[in-house]
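So the structure is just underneath, and the comments pick up after that.
In what follows, chains carry the letters A, B, and so on, assigned in the order in which the sequence lines appear, proteins first and then strands, with residues in each chain numbered from 1.
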Amino acid sequence: MTQKRYSNQDLADIFQTIANLLEIKGEVIYKILAYRKAADSLRDYGGNVYDVWQEGKLTDIPGVGKAISEKIDELYTTGQLEFLDKLSAEVPPSLAEMLEVPDLGPKKVALFWKELGIIDLADLEAAARGGELQELPGMGEKSEAKILAGIESLSRRTTRTPLWKAWPAAEDLLARLRQIPGVEIAVAGGSLRRMRETVGDLDLLVAAEDSSPVMEAFTNLPEVLQVIGSGKTKSSVEFNNGLRAQLWVHPPERFGTALQYASGSKDHNVRLRELAIKQGLSLSEHAFTRQDQSEILCANEEQVYEVLGIPWIPPEAREDRGEVQAALAGELPDFIELSDIQSELHTHSTWSDGKLSIKEMAIAARNHGYKALAITDHSPSLGITQGVTVEDFKKQRAEIDSAQKDLGDSILILQGSEVEIKADGTLDYPDQVLAELDIVFASLHVSLRQPREQVTQRLLNAIQNPHVDVIGHPTGRLIPDREGSDLDMEAVFAAAAQSGVAMEINAHPMRLDLNDIHARQAIEMGILLSINTDAHSPGELDLMHFGVATARRGWVEAKHVINTWEPERLLSWLRSRG
DNA sequence: GCCGTTTTCGGCCCGACTGTTTTCAGTCG
């Protein structure tokens, strides 16, 4: 017996594979959906599933019942899963890679496998090139060509697009759609509107009486590489850069149901439709339909939720993570909003790698309406940035005092530091230096790939230092290329709850660190958060909304976030710490 | 396979688009 400590993601991958193989095998759809649901739920689970297993409470996890909990138990106990081994012997696992091809689903994959012995993408491409596919029942020339094009597009589009790339692309497209005569509204839907950290396709929504000129203009945009589909209410295209976009056009009086539908998530929508059914209604993107076929139209999204008898749920919270149940129970959180943010606490100036002087940054922050700004330049050990030396702090304080004098009480400037947590786990300044600062962030930038115990211990050291106020971008991840450190987040949060240190949600869209799931876990443990842009230039102060969106995805309220507080309260909290 | 403020059994959302078809199956979101 070999034991393996499968991560949440490992388990999710295993059940996702099972779902795919069962689907090709032709198992009933609801069993497949159950495995998929369990996979999503395990992946998104806040704590470690391993710990839940040890407590014997696996079935507390949504979507995990008797059969799946037994499989998890077998995996943790034996390191194997007999069910999957048997299934793999029956259905070659390599078949699943063909499901990635657009327009290729389980039925076709099974057909190709059984009729032509095709078991992977290479076989598929060869058969398509040889014209073998079009001979099969239900297939034809066009279908075969589509599959070839699909295989080709796979190499162009291997991963989801990070939010920071998708957002400006969508803004640009929407601005151009708004120029088209007859377009009354043009907004983003889908995972972009929900502000997921990565986005599959861009989903764009337009309200217009006549859809055809809009569709026409959209499919003829100069950067369109190919039109994947085009109809009266929906078109989808692939752009030169590999990005895909879909456009829905609905009349203004039906825009509410359309926007709600296209914003998803799919699972959230299923919950809403279940609610509708309980009220004798059927909900689609077009309208609510009563049993006598008469319709209830919703011009805006608020009306959709009103008909269902629940409060409007912000798009960021529509992931079927209990939001509909909470709405029914009147227990939705009072989600934080951008306007709640009173100060920016993590920024850099020319004292390290920032672009602007302290005063210039303060003016930029004031222009954002902030009441306080903390300058938190790097400490010296981080080689790439010339950090602030211990001797520099006095001069920097003088510059802050001077800037403060010039700006009067229009904004409060705090002297802070983003002190490096060095590879050996010590901080880059001695305690007596940290004690002099108004606010101290401690962050990891180096040796992020240390073993779990070691890197976790470094963070714990910082958390337990009484002079540290906030842990900056805790995991150190960069989207999409760098995974965060292999931290034991349970231990990190337990220590943070104990010491009272705040954890950052870094708003930079390449970081979003803590992420939504960790943020939710943190507030549930009573940990305070701080949302900051880590701005190195004035433009980056605009990134705050990404951090707030991530917080909303984590059900965070203003009361959980220290930089929603008035400066006086913030100062008194900082003073109460070491 | 999961789940329960009508159910511990019998449900499990709804429609658009495409390509192959003479009325529909497959795929997608």
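To the nearest angstrom, C1' of B:dC28 lies 16 Å from CG of A:Leu247. Regarding A:Trp248, its CH2 atom lies at a distance of 11 Å from the P atom of B:dC17, rounded to whole Å. A:Leu33 places its CG atom 13 Å from the C1' atom of B:dG11, with the value rounded to the nearest Å. In this entry the distance linking CD1 of A:Ile29 with C1' of B:dC28 reads 12 Å, nearest Å. With rounding to whole Å, A:Gln279 atom CD is found 15 Å from B:dC13 atom C1'.
One P atom belongs to B:dC9, the other to B:dT21, and the distance between them is 45 Å to the nearest Å. Going from the P atom of B:dC12 to that of B:dC17 covers 26 Å, rounded to whole Å. B:dC2 and B:dT7 have their C1' atoms separated by 13 Å, given to the nearest Å. On the C1' atoms, B:dC13 is 14 Å away from B:dC28, given to the nearest whole Å. For the P atoms, the distance from B:dA16 to B:dG11 is 26 Å, rounded to whole Å. For the C1' atoms, the distance from B:dG26 to B:dT20 is 10 Å, rounded to whole Å. B:dT5 and B:dC14 are spaced 25 Å apart, taking the C1' atom of each and rounding to whole Å.
In this structure, A:Ser235 reaches neither bases nor backbone, as no heavy-atom distance under 4.0 Å exists between it and the strands shown. The residue A:Leu272 sits apart from the nucleic acid: no heavy atom pair falls under 4.0 Å. In this structure, A:Val109 reaches neither bases nor backbone, as no heavy-atom distance under 4.0 Å exists between it and the strands shown. Using a 4.0 Å heavy-atom cutoff across all strands shown, A:Leu104 reaches sugar-phosphate atoms only and no base atom. Counting non-hydrogen atoms under 4.0 angstrom, A:Lys107 reaches the backbone sugars and phosphates but no base. At a threshold of 4.0 angstrom between heavy atoms, the contacts of A:Lys108 are confined to the sugar-phosphate backbone, with no base atom among them. Contact annotation for A:Glu23: no contact, since no heavy-atom pair falls under 4.0 Å across all strands. Here A:Pro106 lies in heavy-atom contact (under 4.0 Å) with sugar-phosphate atoms only.
For A:Gly140 and A:Ser282, each mapped to the nucleotide of DNA chain B holding its nearest heavy atom, the one lying further toward the 5' end belongs to A:Ser282. When the nearest nucleotides of DNA chain B are assigned to A:Gly63 and A:Lys278 by heavy-atom distance, the more 5′-ward of the two goes with A:Gly63.
When each of B:dG1, B:dG29, B:dC14 is scored by its nearest atom to the side-chain atoms of A:Tyr35, the top-ranked nucleotide is B:dG1. Out of B:dT18, B:dC14, B:dG1, the shortest distance to the side chain of A:Arg273 is found at B:dC14.
None of A:Lys165, A:Arg477, A:Arg553 except one satisfies the salt bridge (charged side-chain N to carboxylate O under 4.0 Å, His left out) rule with A:Glu197; the exception is A:Arg477.
Salt-bridge annotation for A:Lys66 and A:Glu70: present, with a side-chain N of the basic residue lying under 4.0 Å from a carboxylate O of the acidic one. With respect to the salt-bridge test (charged N to carboxylate O, under 4.0 angstrom), the residues A:Glu90 and A:Lys25 qualify. We find that A:Arg244 and A:Asp201 are not joined by a salt bridge, their nearest charged nitrogen and carboxylate oxygen being 4.0 Å or further apart.
Pairing for B:dC12 is with B:dG1, a Watson-Crick or G-U wobble pair whose two hydrogen-bonding atom distances lie under 3.5 Å.
A ring-centre distance under 6.0 Å is not found for A:Trp555 and A:His560. For A:Tyr76 and A:Tyr50, the ring centers are positioned less than 6.0 Å apart.
Contact of A:Tyr30 with B:dG11 (side chain to base): no donor-acceptor pair of N or O atoms is detected under 3.5 Å.
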